[in-house]
Amino acid sequence: MNGITDKDSGILIKALSSTGIFVTCGLSEPNLMVTHWGTLGKYWGRDVFILPIRSTKYSYQIVTKTKSFALNVPARDMRTEIALCDTISGFKVNKFETLGLHPKRARSIEAYVLGECGLIVECNVLAVIPPEGIQPQVEGLFTQKRPHTLFVGEIADCYKLR
């Protein structure tokens, strides 16, 4: 297992807050989605990434079942693929094939990662915080029409493909 370094943390956060990153999950029924937000930090003495996913997403079903996911930071400009990934449903199509992306077997979890990406962060789910478990202190902070479940993933491995 390789932990996440300060340099890799910076790369992940920068990509997350600018173009977004891919999230892959599943092996027998793989899928990918894009996220533009999440939290990287230390909880319970462990390095974690907190990933929000709406219950209407195909990835929600897979992460709930497999208890793992991988963060995939593009090694090149992939804004087109990220934008397209945000508009198609994994319920209807194989996003890897539709987007022309090349899955590779993850090292530490039951999932694929993207061959086009440089930094990979594999996570095992430690805890799940459902929307009803979140008490917003700021009115209008988020809409109840499309709430997110928070998946707290312990970083199992962090590595570069290139």
Side-chain angles (χ1 to χ4, degrees), residues 1-5 7-9 11-13 15-16 19-76 78 81-82 84-131 133-134 147-162:
M1 176 184 127
N2 293 318
I4 191 161
T5 66
K7 182 179 178 183
D8 290 340
S9 294
I11 291 168
L12 175 65
I13 296 300
L16 191 65
T19 59
I21 60 173
F22 292 101
V23 177
T24 52
C25 55
L27 198 57
S28 61
E29 302 173 53
N31 193 47
L32 68 144
M33 61 177 248
V34 170
T35 190
H36 300 276
W37 42 297
T39 303
L40 183 65
K42 192 172 279 291
Y43 292 97
W44 308 298
R46 300 166 188 222
D47 291 328
V48 299
F49 185 84
I50 301 175
L51 175 67
I53 308 177
R54 289 190 180 101
S55 62
T56 56
K57 300 286 188 180
Y58 186 45
S59 291
Y60 173 90
Q61 292 180 6
I62 296 170
V63 172
T64 297
K65 181 179 175 183
T66 63
K67 310 253 185 290
S68 63
F69 59 88
L71 309 172
N72 301 259
V73 180
R76 60 177 172 80
M78 295 184 75
E81 292 88 344
I82 286 172
L84 287 171
C85 187
D86 262 350
T87 64
I88 56 179
S89 170
F91 285 115
K92 297 178 180 176
V93 300
N94 179 321
K95 289 186 182 184
F96 294 97
E97 290 176 5
T98 302
L99 297 171
L101 300 175
H102 301 91
K104 292 181 176 277
R105 182 70 169 79
R107 295 192 329 192
S108 302
I109 63 172
E110 294 293 314
Y112 290 102
V113 298
L114 294 178
E116 288 78 8
C117 290
L119 178 65
I120 305 297
V121 181
E122 299 180 11
C123 299
N124 288 306
V125 175
L126 288 175
V128 179
I129 304 168
I134 301 170
H148 291 81
T149 295
L150 302 178
F151 291 89
V152 181
E154 179 179 14
I155 296 174
D157 208 347
C158 178
Y159 54 94
K160 292 181 176 61
L161 286 179
R162 299 174 190 250

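- Put simply, the side chain of Pro131 reaches to within 4.5 Å of the side chain of Thr149, judged on heavy atoms.
- Looking at heavy atoms from C-beta onward, Lys67 lies out of side-chain contact with Ile109 at the 4.5 angstrom threshold.
- Remark: Asp8 CG to Lys160 NZ distance equals 3.5 Å, nearest 0.5 Å.
- Residues satisfying the salt bridge (charged side-chain N to carboxylate O under 4.0 Å, His left out) criterion with Lys7, sequence neighbours excluded, are absent altogether.
- Cys123 SG to Leu71 CG: the interatomic distance, rounded to the nearest 0.5 Å, is 5.0 Å.
- For Phe22, there are no ring pair (Phe, Tyr, Trp, His ring centres under 6.0 Å) partners at least two apart in sequence or on another chain.
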Full working for side chain to side chain contact (heavy atoms under 4.5 Å, CB included) between Phe151 and Ile53
CA-CA 8 Å; Phe151 291 89; Ile53 308 177; 3.9 Å; yes

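- Inter-residue side-chain proximity for Leu161 and Ile120 is flagged as met; some heavy-atom pair is nearer than 4.5 Å.
- Separation of atoms OG1 (Thr66) and CD (Glu29) is listed at 10.0 Å; rounding is to 0.5 Å.
- Screening Thr39, Leu12, Val121 for a side chain to side chain contact (heavy atoms under 4.5 Å, CB included) with Phe49, the sole residue that qualifies is Leu12.
- Proximity of Phe69 to Val125: side-chain heavy atoms (C-beta onward) are separated by under 4.5 Å at one or more points.
- Under the side-chain contact (heavy atoms from CB on, under 4.5 Å) criterion, Ser55 pairs with Tyr60, sequence neighbours left out.
- Among all heavy-atom pairs drawn from Val73 and Ala15, the shortest one is CG1-CB, 3.7 Å.
- Listed by chain and number, the residues in a side chain to side chain donor-acceptor pair (under 3.5 Å) with Thr87 amount to none (sequence neighbours excluded).
- In this structure, CG in Leu99 is found 7.0 Å from CD in Glu81, a value given to the nearest 0.5 Å.
- Using a 4.5 Å heavy-atom threshold, the side chains of Leu150 and Leu51 count as separate.
- Closest approach of Pro74 to Ile82, counting heavy atoms only: CG-CD1, 4.2 Å.
- In this structure, Ile62 and Pro30 approach most closely via the heavy-atom pair CD1-C, 4.3 Å.
- Distance check, rounded to the nearest 0.5 Å: CD1 of Ile50 to CD1 of Ile129 gives 6.0 Å.
- When the side-chain contact (heavy atoms from CB on, under 4.5 Å) test is applied to Ser9, the partners found at least two apart in sequence or on another chain are Ile4, Leu40.
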With a 3.5 Å cut-off and sequence neighbours excluded, list the donor-acceptor pairs that the side chains of residues 31-38 form with protein atoms.
unit_1: Asn31; atom_1: ND2; unit_2: Ser59; atom_2: OG; d: 2.9
unit_1: Thr35; atom_1: OG1; unit_2: Trp37; atom_2: N; d: 3.3
unit_1: Thr35; atom_1: OG1; unit_2: Trp37; atom_2: O; d: 2.7
unit_1: His36; atom_1: NE2; unit_2: Asp86; atom_2: OD2; d: 3.2

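- Side-chain contact between Asn72 and Ile21: absent, with no pair of heavy atoms (C-beta onward) separated by less than 4.5 Å.
- Shown here are the side chain to side chain donor-acceptor pair (under 3.5 Å) partners of Lys92, two or more places apart in sequence or in another chain: there are none.
- Residue pairs meeting the ring pair (Phe, Tyr, Trp, His ring centres under 6.0 Å) criterion with at least one member in residues 85-118, sequence neighbours excluded: Tyr58-Phe91.
- Taking Leu126 as the reference, Trp44, Arg46, Val48, Glu154 meet the side-chain contact (heavy atoms from CB on, under 4.5 Å) condition, with sequence neighbours excluded.
- Listed by chain and number, the residues in a salt bridge (charged side-chain N to carboxylate O under 4.0 Å, His left out) with Lys104 amount to none (sequence neighbours excluded).
- When the side chain to side chain donor-acceptor pair (under 3.5 Å) test is applied to Asn124, no partner is found at least two apart in sequence or on another chain.
- Remark: Tyr159 engages Glu122 in a side chain to side chain donor-acceptor pair (under 3.5 Å) (not counting sequence neighbours).
- Taking NZ from Lys65 and OG from Ser68, the interatomic distance works out to 11.5 Å, rounded to the nearest 0.5 Å.
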